There are 2 protein chains.
Amino acid sequence: MSVATVSRVWNEAAFVSPETRQRVAAVATRLGYSPHGAARSLITRTTHALGVLLPDLYGEFFSEIIRGIDHTAQAAGYHILVSSSHDSKDEIDAALRSMRGRVDGMIIMSPDLEAQRTLHALQGSFPVVLLNGGAEANAFDSITIENHEGARAMVRHLLARGHKRIAMIGGPQRNYDAAERLRGYRTALMESGIAPDESLVVQGDFSELSGHRAVKPLLALERRPTAIFAANDSMAIGALSALHESGMRVPEDVAVAGFDDIPLARYMNPQLSTVHVDIAKLGERAAALLPSSLLQGARPRQQLQLSTTLVIRSSCGGLVS
Amino acid sequence: MSVATVSRVWNEAAFVSPETRQRVAAVATRLGYSPHGAARSLITRTTHALGVLLPDLYGEFFSEIIRGIDHTAQAAGYHILVSSSHDSKDEIDAALRSMRGRVDGMIIMSPDLEAQRTLHALQGSFPVVLLNGGAEANAFDSITIENHEGARAMVRHLLARGHKRIAMIGGPQRNYDAAERLRGYRTALMESGIAPDESLVVQGDFSELSGHRAVKPLLALERRPTAIFAANDSMAIGALSALHESGMRVPEDVAVAGFDDIPLARYMNPQLSTVHVDIAKLGERAAALLPSSLLQGARPRQQLQLSTTLVIRSSCGGLVS
DNA sequence: TTGTAGGCGTTATCAT
DNA sequence: ATGATAACGCCTACAA
C-alpha cells in the first residue's frame, strides 16, 4: 500500500477501489491516524485557518462575535486563530506578523482610529476583512454597523417621548464606533433644534464601571438630564446600577438606553431599551466573506453595512403613545 | 547566500557576521519576507499553537475563559486555535482529529460526562489540560472548580439567614459542574437536617432563558421557596427578571443567589449574591500548564483546584447579622 | 486502479 | 562564519 493511495483515500480525489478505501479506513482508525496539518499546508499552500484580531475580549459583545465567526468558519472547514488585546498600532503590527503564514486570511477588528495606518500597509497583500473599520474600511472587505443611524434613531425616540435634556455616555476616545454613535446623537439633537450642551456628554470606555462612574457628574449638574443614552449596553448597565444606588427611579426620574442589545439587556431590571445589533451575524458575515475571497481571488471589495433596529423596553419608559 | 545562513539569521542561533546579518535583514524587509510557519513546524515538530475546545461560547463565562487563556498563551509565545460548540462525543472526536499537527497541546473543556470516554483514548498521546473534567480528570493535567464546596457554602449561608425552603435551578443534565453544584446544595441541606424536596429542584441549561422559565413552577408550588439558588449567574439573572415580572420583591419575598460571579453580577438590580470563581484565572492556569508540560516532557500529572469564595451582595439580603 | 518520485520551505548536521 | 544537503509528512504529476 503506497502513501499515494492513502492520500487519495483521504482526499476522496482520484479513483480508489472500494475495498482499498475500506482497508485504508480500517487501518487508519485502528492506528488513530490523521494527517499532519503542517505538512499538508506546506504543499497545498493553504492553512485552512482564519486569523481573528480583536481589541479586547471583554463582555458578551466579544463572545457573541467569536461565536458567530467560529460557527461559520467551522462550517466552511476553517479553524480560527484568535488573538485579543490589540489596541495600539504596535500590538496589531506584532500580531499581524506572528500570524503571517499561519492563516489564509484575517478578520481584524481595530476600532482604534490610529491603528488604521498599520492596516493601510496590508492592502492587497492578504485577504482581510475589517470589522468596524474607519477610514481604511473601503480599502478592504469590511462590515460596519449602522452606528450613526442607530444612535440617531434612539435619540429621536427619546426626544419623541418628551425628553429635552438627554445625556450621552460616550465610548473610548479614538474609537470609531463610539465616535459614530456620538455623531448620531448630535445629529438627532441638531435636527430637533436643541442646542448642544457639552456638559451632558461624559466619556466612558465601554465598561460597566465607566458607565457607573459617568452618572455622578450628570446627577451633579444644575439642570439634570432626564434621559441617559450610553454608547453601549455595558455602560448602560453600569449607569442603571449607579442610578439605582442614588435612589433615582428608572424610567420615572431618568430614562436609560444602550447600544448593542447584548443578550442580557432584556434581563435587566428594568429591561434595557437599546439599539439592536445582530452581533453574532457580524461575526458570521465576516467569516463568510473570507473564504469567498480566497476562492474567487481578486474580486471587487465588499462593504457591508449591518443594520440596527430600535428595541424599546421599559428602561426608557416604553413606546411613544 | 545560502538558505542556511538566512535561517541562522532569523533564529539568531549560530554565529553570523554582523554584515551578513545586516544584508539578510535588509533584503528580507525589502521583499516582505517572513518564514513559512507550516514548513517550520514540519521540521521542528512544534507549532507554537494551543488548541482550545469549548462546549459552547455563550455569555460572559466563556469570554472570560478565552481572555485568560489568550493572555497567558500570548505571553508564552503561543497562539490559540479556538473551536467551540463541542458537546457530543463525536464533535469532540472530529475537532481533535482536525487539530492534529496544528497544535502542540490542547485545553479541553467538556463538562459533558458522556464525552469523557473519548478523552480516555487520548491519554498520554498528547499534552492535554482538562477544564472541569469529571471522571477522567486525574488521567490528565486538570483544573477543576470547587463546585461542591462553593455551592455548599452558599446554601449554608442561605440557611443561616433563616431560609428553610431553598430551591435550586440546576444546570444541564450530564454536566459535571452542574452535577457537583447540585451535590453541594444537597450536602448543605442534609447537614442541617432538612429533608430534601425534589419539587424544589428545577432543571435549567445555564442560559438566562432557562433561569427565567424555572421560576414559574417554583412560584406555583403550594409551599413556595423563600430562596432560589441557581447553578450559574446567567440563570440567576433570568430568575431575577422573572421574579420581578411576577411582582415578587428580591430579596424581601425571595432571595436569589448564583454561581460564577461574572463581571455583570454586581451590576444587577438588586446586586447578585454569588459564588465567586476567578474565571479568567481558570483560563490562565490552563494555558500555563500546557507549555510547562511541553517543556518538561513526562512529569507527574497536576490536578489543580480553583477555590471559590462567597460574595454576598443584596439579592440574598446581605450578610448574616 | 495503484505505485514512484519530486518538491513544498524550513531546520539541523556535517563539511568546508 | 558559511555552504551543501538530508530530512519533516504530505500531495500530485506521471508512469505502470
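Residue numbers begin at 1 in each chain, while the letters A, B, ... track the order of the sequences. These numbers were taken from a predicted model, which means no experiment stands behind them. Any value given below was found using the heavy atoms of this structure, including those in side chains, with hydrogens, waters and symmetry copies removed.
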A:Asn11 CG to D:dC10 P, in whole Å, measures 11 Å
Closest heavy-atom pair, B:Leu96 versus B:Leu53, reported as atoms and distance to 0.1 Å, is CD1-CD2, 3.7 Å
Closest to the side chain of A:Thr44, out of C:dT11, C:dG9, D:dC11, is D:dC11
The nucleotide from D:dG3, C:dG9, D:dG9 with an atom nearest the side chain of A:Ala39 is D:dG9
Contacts of B:Thr20 and B:Arg45 projected onto DNA chain D by closest heavy atom; the upstream (5') one is B:Thr20
Among the nucleotides D:dC11, D:dG9, D:dA4, whichever has the atom closest to the side chain of A:Val3 is D:dC11
Student check: side-chain heavy atoms of A:Met99 and A:Ser83 closer than 4.5 Å | yes
Check: D:dG3 base within 3.5 Å donor-acceptor of B:Arg8 side chain
yes
Item to complete: Answer yes or no: is there a side-chain heavy-atom contact under 4.5 Å between A:Thr144 and A:Tyr176?
Response: yes
Whole-Å distance, A:Arg23 CZ to C:dT1 P, equals 15 Å
- Within a reach of under 6.0 Å around CD of A:Gln173, are more than 12 heavy atoms found that belong to other residues, nucleotides or ligands? no
In whole angstroms, the gap separating P of D:dC11 from CD1 of A:Ile43 amounts to 8 Å
Ranking C:dT11, C:dG3, D:dT2 by distance to the side chain of A:Thr5, first place goes to C:dG3
Among the nucleotides D:dC10, C:dT11, C:dA12, whichever has the atom closest to the side chain of B:Ala4 is C:dA12
Closest to the side chain of A:Ser17, out of C:dT2, D:dC11, C:dG9, is C:dT2
In whole angstroms, the gap separating P of C:dG9 from CZ of A:Arg40 amounts to 18 Å
For A:Ala178 and A:Pro172 the tightest heavy-atom approach is CB-O, 3.7 Å
Between A:Ser2 and C:dT2, is there a side-chain N or O to OP1/OP2 distance below 4.0 Å? no
Of the candidates C:dT11, C:dG3, C:dC8, the side chain of A:Leu42 sits closest to C:dC8
Rounded to whole Å, CH2 of B:Trp10 lies from P of C:dG9 at a distance of 16 Å
Atom CD of B:Gln22 and atom C1' of D:dA1 are separated, to the nearest Å, by 17 Å
